[in-house]
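Report on one structure; see the data block that follows.
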Amino acid sequence: MSTHDFDLFVIGGGSGGVRAARMAAQRGARVALAEALGTDGLGGTCVNVGCIPKKLYSYAAHYADAAHESHGFGWEGPAPTLNWGTLKANRATEISRLNTVYGNLLRGSGVTVLNGFARLDGEHAITLATLNADGSPGHQSFTAQHILIATGGTPHVPHFVGRELVITSDDIFDLEPFPRRLVVVGGGYIASEFASIFNGLGAKVTQLYRGEQILRGFDDEVRHFVAAEMVKSGVDLRLGTDVVDVRKTPDGLRVELEGGHTVMADAVLYATGRVPNVKGLGLEAVGVAQGQQGAVVVDEHYRTNVPSIFAVGDVTNRLQLTPVALGEAMVVVDQLFGPAAGKPPRSMSYEFVPTAIFTHPNVGTVGDSEAQAREKFGHVTIFRSEFKALKHTLSGSSERTLMKLIVDTASDRVVGLHMVGAEAGEIVQGFAVAMKAGATKAVLDSTIGIHPTAAEEFVTMREPVKS
Ligand code: NDP
């Protein structure tokens, strides 16, 4: 045991920080976790203003379709209307329940939870800005054998006239009133998800993206397919479109586009990427190396150039995904305090990380896009299936599903698996296990399908569409 106040001091109470703190404490380490937002912030972006509330709002949006589609199955009566206030209040109650759960899990594991903004003050030293009992600013100093930076990321909004009038994903969940006209700027995960969700909730959504197709980096066919589905469901998607400025008018916000067109909106959501949350952390003073956009640079052991300081999750600006931060946190804990009893030390692989985009319909994907696979393997065989899901034979919906497999021709290994359709995330998770285990197309072919499901298509694609 070290002579420091703590064996591990975690800065940031998000997915990575909480996981690391709990696991380390369970191994017997003396652990502190500081969260600038206090107990209300426990859970970080994912719990408070990311994955969880986003998915709840996505469920809410799906009810509009469900009500409409139920008529084809014999249900009668008018569609219910959305009470935005109820949705917001119920979401807030659930998020605050989760904040409490996180607090209890930490304290139950023996972690000292500190409310305040932590700053590095040396290789083993941390200063915590707090409030005194009379409300005046105070501070506390601590030392720790190891320090873990897990401060996550924050939305990035470029500079333009009217920047102060727009909102980010941090603000969208509590908007008041409901934005009847919403402009969404960006073409990544967040922009595309919120364009779909607010379209489903009943807003008139215009999504503006500067490039030739949304979701750059994903399989091209998937990008075009989901974009077409989003447009079909009502999103006014404008590609190759840049914003000049945003101005306030008596009729709402006027978004001027390059080329002279304008769009009127009640709210303008900028989802133009996220940057590492490093402001005020004292990285420069302690000499922690930083990369692009201030990201904390770490080696394969998540160690910074200062040997006692580690970092995981979005603050390192690699794969900005909660399960990735969780995986990284567990690797750090195993390294520093040993693996769980009877278990080998964990390792982290960035190969075949599955992901879902909760657009409507969802995108689920694991492995390479067709273009990436062609570049890596040269010869690839492509299997593809596009169909109307059984449900929609009666629902009246024209939504279509896309499934695509990319196989390395030489080894027969499935190197990419992509889906656009209902519950794509749920379906792709299982296939990701098979792909990590090295599944070949022959293995998929020999797997019996579950009938009638959409997922069975992945094991019944016989004829390649191209090779
Ligand atoms: P992304 O990096 O995914 O997308 C940013 C988008 O904004 C891109 O379309 C980009 O365009 C565009 N953009 C960037 N700068 C500008 C600019 N100056 N003007 C106009 N457009 C611009 O970031 P997000 O904010 O959507 O999400 C951040 C990360 O959070 C994601 O990468 C993902 O890892 C994670 N996330 C994961 C989710 C999930 O798992 N379901 C859900 C939400 C977020 P271009 O393509 O041309 O660069």
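These values consider heavy atoms only, across backbone and side chains, with no hydrogens, waters or symmetry-generated copies. These numbers come from a predicted model, not from an experiment. Numbering starts at 1 and runs along the sequence shown. One-based numbering, in listed order, for ligands and for the atoms of each.
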Got a sec: does the NZ of Lys232 have more than 12 other heavy atoms crowding it under 6.0 Å?
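Enclosed: over 12 neighbouring heavy atoms sit under 6.0 Å from NZ of Lys232.
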Take atom CD in Glu456; do more than 12 heavy atoms of anything else shown fall under 6.0 Å from it?
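Yes, because the 6.0 Å sphere around CD of Glu456 holds more than 12 heavy atoms from other groups.
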Compare every heavy atom of [Y] with every heavy atom of [X], then report the nearest pair and how far apart it is.
X      : Y      : value
Ile214 : Gln207 : CG2-NE2, 3.7 Å
Ala454 : Met403 : O-CE, 3.1 Å
Ala424 : Gly364 : CB-N, 3.4 Å

In a simple table, one pair per line, please give the protein and ligand 1 atom names for every N or O pair closer than 3.5 Å, along with the distance.
unit_1: ligand 1; atom_1: 7 (O); unit_2: Ala271; atom_2: O; d: 3.4
unit_1: ligand 1; atom_1: 9 (O); unit_2: Gly187; atom_2: N; d: 2.9
unit_1: ligand 1; atom_1: 9 (O); unit_2: Gly188; atom_2: N; d: 3.2
unit_1: ligand 1; atom_1: 11 (O); unit_2: Arg210; atom_2: NE; d: 3.4
unit_1: ligand 1; atom_1: 25 (O); unit_2: Gly273; atom_2: N; d: 3.0
unit_1: ligand 1; atom_1: 26 (O); unit_2: Tyr189; atom_2: N; d: 3.3
unit_1: ligand 1; atom_1: 26 (O); unit_2: Ile190; atom_2: N; d: 2.9
unit_1: ligand 1; atom_1: 34 (O); unit_2: Gln320; atom_2: O; d: 2.8
unit_1: ligand 1; atom_1: 41 (N); unit_2: Glu193; atom_2: OE2; d: 2.9
unit_1: ligand 1; atom_1: 41 (N); unit_2: Ala356; atom_2: O; d: 2.8
unit_1: ligand 1; atom_1: 46 (O); unit_2: Tyr209; atom_2: OH; d: 2.7
unit_1: ligand 1; atom_1: 46 (O); unit_2: Arg216; atom_2: NE; d: 2.9
unit_1: ligand 1; atom_1: 47 (O); unit_2: Tyr209; atom_2: OH; d: 3.0
unit_1: ligand 1; atom_1: 47 (O); unit_2: Arg210; atom_2: NE; d: 2.9
unit_1: ligand 1; atom_1: 47 (O); unit_2: Arg210; atom_2: NH2; d: 3.4
unit_1: ligand 1; atom_1: 48 (O); unit_2: Arg210; atom_2: NH2; d: 2.9
unit_1: ligand 1; atom_1: 48 (O); unit_2: Arg216; atom_2: NH2; d: 2.7

Are Asp170 and Asn48 close enough that a side-chain donor and a side-chain acceptor fall under 3.5 Å?
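Their side chains do not contain a donor-acceptor pair, so the 3.5 Å distance test is not met.
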